Amino acid sequence: QVQLVESGGGLVQAGGSLNLSCAASGITFSEYAMGWFRQAPGKERQFVAAISLITGSAVYTGSVKGRFTIARDNAKNTLYLQMNSLKPEDTAVYYCAARLRVVSTSTLYDYWGQGTQVTVSS
């Protein structure tokens with residue numbers, strides 16, 4: 001049974017930081033590209049960042065470049081998203097996702113977590 005469990009969300013003031021984690025089980029983590037997505041109320045799920053299997057090459061959506069950093073620890077089967085300089089428009093439910101082998105910026109991922117709420121107050 002595949003499980004992706006996000007943690008680390010919460011309420012933070014604008015300009016603050018949060019570090020999200022996603023613990024994976026039931027998959028060979030090192031065989032999966034991993035991504036973070038977010039969904040604000042009334043909006044479609046949006047790509048945030050993704051990271052490749054082994055080299056750790058990362059891609060980001062433009063609005064978070066320079067503020068967010070995606071990372072993975074294959075030994076711990078864990079994905080991270082360090083979020084700095086948070087803005088109210090970053091408020092959303094954040095989801096991690098796993099896709100076999102190939103990084104993608106689309107929502108065509110194989111497995112999804114349940115999400116963790118991030119709220120940034122102004």
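A quick note: this is a predicted structure, and the numbers were derived from the prediction, not measured. Both backbone and side-chain heavy atoms feed into the values below; hydrogens, waters and symmetry mates do not.
- Thr78 approaches Ala23 most closely through the heavy-atom pair OG1-CA, 4.4 Å.
- Under the 4.5 Å side-chain heavy-atom criterion for Ile, Leu, Val, Met, Phe, Trp and Tyr, Leu18 and Leu81 are members of the same hydrophobic cluster.
- Closest heavy-atom contact between Trp112 and Arg45: CE3-NH1, 3.2 Å.
- Taking CZ of Arg67 as the start and OH of Tyr60 as the end, the distance is 12.0 Å to the nearest 0.5 Å.
- A 4.5 Å side-chain heavy-atom check between Tyr111 and Tyr32 finds at least one atom pair inside the cut-off.
- Under the side chain to side chain contact (heavy atoms under 4.5 Å, CB included) rule, Gln13 has a single partner from Pro88, Ser121, Ser122, which is Ser121.
- Listed by chain and number, the residues in a ring-ring contact (aromatic ring centres under 6.0 Å, His included) with Tyr109 are Phe37 (sequence neighbours excluded).
- Asp110 places a side-chain N or O within donor-acceptor distance of the main-chain N or O of Leu100, the cut-off being under 3.5 Å.
- Put simply, Leu53 and Ile51 are part of two different groups of oily side chains (I, L, V, M, F, W, Y) that touch within less than 4.5 Å, one to the next.
- With a 6.0 Å radius and a threshold of 12 heavy atoms from other residues, nucleotides or ligands, Gln39 has its CD atom above the threshold.
- The shortest side-chain heavy-atom distance between Asp73 and Tyr80 falls under the 4.5 Å cut-off.
- Thr69 contributes no side-chain N or O that, together with a main-chain N or O of Gln82, makes up a donor-acceptor pair within less than 3.5 Å.
- The two residues Ile70 and Ala58 come nearest to each other via the heavy atoms CG2-CB, 3.6 Å.
- Hydrophobic clustering, with ILVMFWY side chains joined whenever heavy atoms are under 4.5 angstrom apart, groups Val103 together with Tyr95.
- Note: Ile27 CD1 to Gln3 CD = 11.0 Å, rounded to the nearest 0.5 Å.
- With sequence neighbours excluded, the residues forming a salt bridge (Lys or Arg N to Asp or Glu O under 4.0 Å) with Arg38 are Asp90, listed by chain and number.
- Between Leu20 and Val118 the shortest side-chain heavy-atom distance falls below 4.5 Å.
- Judged as a side chain to side chain contact (heavy atoms under 4.5 Å, CB included), and not counting sequence neighbours, the contacts of Ser106 are Ser104, Leu108.
- Proximity of Tyr94 to Glu6: side-chain heavy atoms (C-beta onward) are nowhere separated by under 4.5 Å.
- Expressed to the nearest 0.5 Å, how far CZ of Arg101 lies from OG of Ser30 amounts to 10.5 Å.
- One hydrophobic cluster holds both Val64 and Val12 under the rule that ILVMFWY side chains link at heavy-atom gaps under 4.5 Å.
- Closest of all the heavy-atom pairs between Cys22 and Leu4 is SG-CB, 4.0 Å.
- At a threshold of 4.5 Å between side-chain heavy atoms, the hydrophobic network of Ile, Leu, Val, Met, Phe, Trp and Tyr places Phe47 and Leu79 in two separate groups.
- Side-chain contact between Glu89 and Val120 is absent, with no heavy-atom pair separated by less than 4.5 Å.
- No side-chain heavy atom of Trp36 sits under 4.5 Å from any side-chain heavy atom of Met83.
- Interatomic distance, OG1 of Thr91 versus CD of Gln117, reported as 7.5 Å (0.5 Å rounding).
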